[in-house]
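Everything on this sheet refers to the single structure shown next.
As the structure is a computational prediction, the values presented were derived from the model and not from experiment.
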There are 2 protein chains.
Amino acid sequence: MNDNRFPVTGRFLQGRLRHAITTREAQLFEKLFDPAEEFPDGTVLIKRGNLVNHSTMLVEGFAVRVIEDDGGAQIVSIHVPGDFMDLHAFPLKRLDHNIVALGPARVAAVTHDKLRLIIDQEPHFARVLWFSTLLDAAIHREWIMKQGQLRAEGRAAHFFAEVWERLAMVGLAEDDGFFAPLKQVDIANICGTTAIHMNRVLRDLREGGVADFRRGRMRAPDKKRLHRHGRFKRDYLYGEGELALTGDLD
Amino acid sequence: MNDNRFPVTGRFLQGRLRHAITTREAQLFEKLFDPAEEFPDGTVLIKRGNLVNHSTMLVEGFAVRVIEDDGGAQIVSIHVPGDFMDLHAFPLKRLDHNIVALGPARVAAVTHDKLRLIIDQEPHFARVLWFSTLLDAAIHREWIMKQGQLRAEGRAAHFFAEVWERLAMVGLAEDDGFFAPLKQVDIANICGTTAIHMNRVLRDLREGGVADFRRGRMRAPDKKRLHRHGRFKRDYLYGEGELALTGDLD
DNA sequence: CGTTCCCTTGAGTAGTTTCAATACTTGTGG
DNA sequence: CCACAAGTATTGAAACTACTCAAGGGAACG
């Protein structure tokens, strides 16, 4: 699915919906999108509370969802290429959070008018899109689990394991790790600790031979060990394993 | 909407979808459900990983979603009457978590076959249901925010504020608080701390005049103060405020 | 009226934050 | 090519928050 017939939606189809979509649906879908545009690091792609009439596919790069608060900003999720980042704006109309580019990001928009067409005419594909927004919710739940059950070290390991796995699902992982334009502050924020503490935690992970994170590059010599450290089991990503989609969504 | 024409779905329609639904849609919807059944405390209503062909409305009582893990169980969300608890099982087919009755709970089931009928024939109502599952995701995000930004005392305050507000949306709150069959252990789990620490935190909240929680009954003399303590702003519940649905979903 | 479940308290330890200061990296202009 | 600035990463020490182990108290139920 990731050939040049699907420059915008290729990774989305590859990563999340391998077995669930027909070629006809995929072609209809690809045609809906405007050409991709590039935005620099830190661009607020979607602003909380704004009435939106389109949704955006992350084609290249990374983005985070951020809830602003008196006490600062909290990253509540991260997006990798192939994520239909704010599809949930289609039913919700206004988002409860900002979406911010993490490093330079290429995104492609589709208007809700066009989405409505395919959704009303292709009930099966509509279900696929719904599924995709619920996968985000499943990831949210896992993050809540991670925050409740693990301490800083485990949280960082879990986060690395998740991003690595999600990048692998869209063909962007390396054998021994991955790159993402994350700073220690970001990881600290995501794990609910301070940057200073995260710095020490990352040192421990490095010295313990679990994960070596340095300026955006994460390398882990032993994936199983990383998973054990973060109690990571990939099932909740619905890609493979116990919860995987088998055959058709209907 | 909460009259006796809608014994099963009344609170769902009242709480989450006030302005978004026609009477005709509501009547169609109500008719799909089997009669409600009661289950005792602790019943696992939906089991992780099982292929499910129905979804359930929480008519009376409470329930929690729980992710089991080597290290124990983590509550990742709570449900109040009127929550279409596992509607997300319709697109997902298998859930990544258990749903467990918290106290005695009355629930009504609807098969996915029947749901598919109304969804394929009533695109507007389909959107309403989609919306409803995304509201859960918004609540998940707020929980992630709460875990990342607040310490135990704020987390407890935020949790109380949220449950109070959600109960108010379905007409089940009291003027100065609410009742839910929660134990201190549950609140501790939800807030990601130990029961012992939560016990001390609850004492502090009580002595500080913020919230008096005792055996399932939460009373707060000053709602604003509780909200400030938990940095709670109800917008993310999409009921009223900045993000509220205005008029039609389309 | 005792049993069970739930809540409460104390003391010691581990994990995390805060404040303050120091290095390293990267990009820019001289 | 070097100097400088800005951003990012690192370290130390003290204070605080939360956890663990261990024991005692209170309410509710049969």
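In the interface, the side chain of A:R200 is paired with the base of D:dG12 through a donor and an acceptor atom under 3.5 Å apart.
Atom CD1 of B:I196 is separated from atom C1' of D:dG25 by 15 Å (rounded to the nearest Å). When the C1' atom of C:dT16 is taken as reference, atom CD1 of A:I187 falls 18 Å away, rounded to whole Å. In this structure, CZ of B:R206 is placed 9 Å from C1' of C:dC7, rounded to the nearest angstrom. Between B:M198 atom CE and D:dT20 atom C1' the separation is 17 Å, expressed in whole Å. Atom CG in B:L150 sits roughly 11 Å away from atom P in D:dA18 (whole-Å rounding). Distance CG (B:D212) to P (C:dT8): 10 Å, rounded to an integer number of Å. The CZ atom of A:R217 sits 18 Å away from the C1' atom of D:dA9 (whole-angstrom rounding). Rounded to an integer number of Å, the gap from B:D204 CG to D:dC16 P is 15 Å.
Residue-level contact check: A:A195 touches neither bases nor backbone, having no heavy atom under 4.0 Å from any strand. Nucleic acid contact for A:R155: none, since no nucleic acid atom lies under 4.0 Å from a heavy atom of the residue.
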**OP:** Take A:L45 and A:T56 through the test side chain to side chain contact (heavy atoms under 4.5 Å, CB included) and record every step on the way to the result.
**Re:** CA-CA 9 Å; A:L45 300 167; A:T56 55; 5.7 Å; no
**OP:** Given side-chain hydrogen bond (donor to acceptor under 3.5 Å, both in side chains), test B:Q147 with A:W143 step by step and report yes or no.
**Re:** CA-CA 10 Å; B:Q147 300 280 78; A:W143 282 35; over 6 Å; no
**OP:** Might you work through the side chain to side chain contact (heavy atoms under 4.5 Å, CB included) test for B:Q74 and B:V66, ending with a clear yes or no?
**Re:** CA-CA 5 Å; B:Q74 176 67 42; B:V66 182; 5.9 Å; no
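Each of C:dT16, D:dT8, D:dA22 was ranked by its minimum atom distance to the side chain of A:H197; first place goes to C:dT16. In the set D:dT10, D:dT8, C:dT17, C:dT17 carries the atom at the smallest distance from any side-chain atom of B:R151. Distance from the side chain of A:R215 is smallest for C:dT26 among the nucleotides D:dC19, D:dT10, C:dT26. Listed nucleotides C:dT17, C:dC7, D:dT11 differ in distance to B:Q184; the shortest reach to its side chain belongs to C:dC7. Side chain of B:N199, nearest nucleotide from C:dC6, D:dT8, C:dT9: C:dT9.
With ring centers used as reference points, A:F159 lies 6.0 Å or more from A:F232. For an aromatic pair to be called close, the ring centres must be under 6.0 Å apart, and A:F84 with A:F33 satisfies this.
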Original post:
Where each pair must be Watson-Crick or G-U wobble with both distances under 3.5 Å, what dot-bracket representation of DNA chain C is obtained, with crossing pairs in [ ] and other-strand partners as |?
Top reply: |||||..|||||||||||||||||||||||
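For the salt bridge (Lys or Arg N to Asp or Glu O under 4.0 Å) with A:R65, the qualifying choice from A:D136, A:D96, A:D86 is A:D136, the only one to do so.
The phosphate of D:dC19 has OP1 or OP2 within less than 4.0 Å of a side-chain N or O from B:T194.
Ring geometry for B:H88 versus B:H97: interplanar angle under 30°, hence parallel rather than tilted (30 to 60°).
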